[in-house]
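Throughout, a chain's letter reflects where its sequence line sits, starting with A, and its residues are numbered from 1. Every value quoted in this text rests on a predicted model; they were computed, and no experiment measured them.
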Protein chains: 2
Amino acid sequence: MARTAGPETHHTRILEEFRQKIVDRIWGPGFQLDKETDLATQYGVSRMTMNKVLTQLAQEGFVVRRKRSGTFVSKARTQAAVMPINNLADEVEALGKTYRWQLFAAEIRVPQAAELRLLGVESPPIPDEVIVLGGMHYADDEPFCLETRAINVDVVPNARDVDFATQVPGHWLLQSMPWSTARNAIRAVNVAGSEARNLDLPVGAACLEILRKTVMGSDWVTYARLLYPGEAFQLTAEFKTKVTPKALAPQS
Amino acid sequence: MARTAGPETHHTRILEEFRQKIVDRIWGPGFQLDKETDLATQYGVSRMTMNKVLTQLAQEGFVVRRKRSGTFVSKARTQAAVMPINNLADEVEALGKTYRWQLFAAEIRVPQAAELRLLGVESPPIPDEVIVLGGMHYADDEPFCLETRAINVDVVPNARDVDFATQVPGHWLLQSMPWSTARNAIRAVNVAGSEARNLDLPVGAACLEILRKTVMGSDWVTYARLLYPGEAFQLTAEFKTKVTPKALAPQS
DNA sequence: GTCGCCAATATGTATACTCAAAATGTAAAT
DNA sequence: ATTTACATTTTGAGTATACATATTGGCGAC
């Protein structure tokens with residue numbers, strides 16, 4: 001589990017030492033570090049090197065730096081979870097199961113109001129032509145995730161020519177449009193009707209619903225709704241304590 | 001919504017320009033940037049400044065740097081969601097509602113097997129003395145979150161003297177033990193029995209269940225189970241596309 | 001032609017030195 | 001007594017320079 005023995009350079013060594021001191025509360029919240037010139041001489045490095053260490057620590061949120069005032073260990077406030085949302089095929093195959101994607105329908109047309117509501121579309125500028133599609137992700141032929149999606153053809157014109165029966169929409173979009181931004185909302189819902197039938201669940205079963213809006217620049221690329229059987233699926237996230245951008249004031 | 005107009009320094013300006021170029025795919029995945037000495041002269045800065053920019057970009061995962069080879073725009077693979085999990089009081093008050101915490105019971109004793117199962121405790125080393133507590137978070141006197149928790153007294157000895165009727169456990173722990181690490185699992189479940197009654201929900205209603213294990217060094221600090229009324233509550237997360245640590249190879 | 005060694009090259013790390021910006025405490029002025 | 005002005009201190013940003021390190025492409029030996 002040991003990290004791949006990073007390069008033993010001055011600044012990485014000092015960085016790790018400082019982080020450890022803070023995590024172990026040897027330097028507790030509010031503690032004021034010596035000024036960077038002093039620290040530099042104490043550790044036998046130049047100010048630039050010590051500056052690199054402290055700047056990095058500040059970026060990671062461990063310390064707050066204020067001109068004329070000094071460098072302080074920050075107080076933890078918020079917790080930020082880094083949650084990897086991989087593509088489903090990888091995730092399913094990591095469990096040793098076979099993955100399969102089944103397209104139900106895909107059409108280029110004006111989306112209906114009900115569909116927009118389902119997908120959580122709030123901003124009115126809806127283009128005339130949108131790919132509306134639905135399908136199911138299977139793991140060993142068991143329903144794993146029900147997907148409903150709208151794709152903005154204006155932003156991704158070559159989506160027109162893609163056969164989403166063979167290409168998994170999410171995966172294709174990720175490959176096709178790297179560096180986009182997304183906003184997720186996660187809820188628990190009771191399934192009913194055709195959704196319950198498709199997922200092979202009793203009516204009223206709890207499901208995890210992820211509404212994802214993907215944005216590229218100023219335009220939306222896709223709205224997706226992913227519905228997972230509740231008990232069978234779970235999202236996991238590892239995280240460290242972090243500070244809120246505000247409330248950084250050192251001990252007064 | 002505009003970011004608080006950051007300092008207009010050389011390296012931040014260039015950094016933003018490069019990020020934009022990559023996000024807008026002017027520099028697509030696999031694109032090789034000019035070498036840093038050339039870029040430095042092109043942008044009229046010293047190599048150290050350009051180095052700072054490129055190092056930062058590499059840390060953010062936008063580019064991969066290889067000695068002798070050059071700097072390449074990396075290919076997006078995974079998406080990482082950064083999900084802030086604030087303390088509930090702040091969250092509730094952000095909605096303009098009044099927050100209230102109601103303790104049901106808190107005891108120091110050996111936890112029961114059923115409780116450990118509920119909390120998702122898997123690793124056997126259970127200390128003899130554990131604080132087992134349960135309570136409810138209210139927003140405007142409506143049930144908002146049902147909490148069940150175990151606290152490791154060996155790791156947090158002063159938790160003995162805390163009155164968890166007035167102190168919210170999660171908040172107190174966060175203040176008391178900053179820089180801990182946690183692992184979250186998020187599921188959807190159907191509520192039943194006393195849980196449904198306490199949350200004022202019909203039996204079978206979908207709820208969001210968060211199992212959180214908090215670790216400090218090598219010991220566990222607390223296991224918590226947070227149950228949110230499904231339809232009423234949702235987690236949201238903003239995120240950008242990121243690269244996997246592996247699979248960074250430039251276009252061959 | 002193939003294999004292995006070597007040198008050229010791009011990044012990585014570090015130093016020493018400037019000047020700028022911001023915050024704080026002190027002293028002067030109203 | 002309160003405000004204003006100023007000097008000091010600490011971080012922030014940038015430059016010029018040097019040497020280390022890894023990798024790649026070419027050259028030579030076989």
J.: Is there a side-chain contact between A:H11 and the phosphate of C:dA14, meaning an N or O under 4.0 Å from OP1 or OP2?
T.: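 For A:H11, the contact criterion (side-chain N or O under 4.0 Å from OP1 or OP2 of C:dA14) is met.
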J.: Any idea which heavy atoms bring A:Y223 and A:L119 closest together, and the distance?
T.: CD2-O, 3.7 Å
J.: Does B:T55 reach a base, just sugar-phosphate, or nothing at all? Heavy atoms under 4.0 Å.
T.: nothing
J.: Can you check whether B:V215 reaches B:R183 side chain to side chain, under 4.5 Å on heavy atoms?
T.: no
J.: Please give, in whole Å, the distance from C:dT11 P to B:L57 CG?
T.: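 Nearest whole value for this atom pair: 13 Å.
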J.: For D:dG12, does either OP1 or OP2 sit under 4.0 Å from a side-chain N or O belonging to B:T9?
T.: no
J.: For B:Y99 and B:H137, take the angle between the two ring planes, folded into 0 to 90°, and tell me which bin it lands in: parallel under 30, tilted 30 to 60, perpendicular over 60.
T.: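 If you compare the ring of B:Y99 with that of B:H137, the planes turn out tilted.
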J.: Of the options D:dT10, C:dT11, D:dA13, whose atoms approach the side-chain atoms of B:T71 most closely?
T.: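 It is C:dT11.
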J.: Let me know the distance between CG of B:L54 and P of C:dG12, rounded to the nearest Å.
T.: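 So the CG-P distance, B:L54 to C:dG12, works out to 8 Å.
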J.: Could I get a table of every N or O pair under 3.5 Å where one atom is in the protein and the other is in nucleotides 18-23 of chain C?
T.:
unit_1: C:dA23; atom_1: O4'; unit_2: A:K67; atom_2: O; d: 3.3

J.: Rounding to an integer number of Å, can you tell me how far B:K35 NZ sits from D:dT24 C1'?
T.: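 Checked: the NZ to C1' distance equals 14 Å.
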J.: Separation of B:F72 atom CZ from D:dT23 atom P, in whole Å?
T.: 13 Å
J.: Taking for each residue the nucleotide of DNA chain C with the nearest heavy atom, is it A:S46 or B:D34 whose nucleotide lies nearer the 5' end?
T.: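 Its nearest nucleotide lies further toward 5', so the answer is B:D34.
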J.: Would you kindly give the CD-to-P distance between A:Q59 and D:dT11, to the nearest whole Å?
T.: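 Atom-to-atom, A:Q59 to D:dT11, this comes out as 17 Å.
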J.: Give the rounded distance in Å between these two atoms: CD1 of A:I14 and C1' of C:dA14.
T.: 11 Å
J.: Taking the side chain as every heavy atom from C-beta outward, state whether A:R149 and A:F164 have any atom pair closer than 4.5 Å.
T.: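 A side-chain contact under 4.5 Å is absent here.
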J.: At their closest point, which heavy atom of B:A182 faces which heavy atom of B:R212, and how far apart are they?
T.: CB-CG, 4.1 Å
J.: In whole Å, what is the span from the CD atom of B:E36 to the P atom of C:dT9?
T.: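 Going from B:E36 (CD) to C:dT9 (P), I get 16 Å.
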J.: Calculate, to the nearest 0.5 Å, the distance between atoms NZ and CH2 belonging to B:K213 and B:W220 respectively.
T.: 10.0 Å
J.: Between atom CZ in A:R65 and atom C1' in D:dA13, what is the gap in whole Å?
T.: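 Distance check: A:R65 CZ to D:dA13 C1' gives 12 Å.
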J.: Going by ring-ring contact (aromatic ring centres under 6.0 Å, His included), A:F18 matches just one of A:F62, A:F31, A:W27. Which one?
T.: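 Exactly one pass, corresponding to A:W27.
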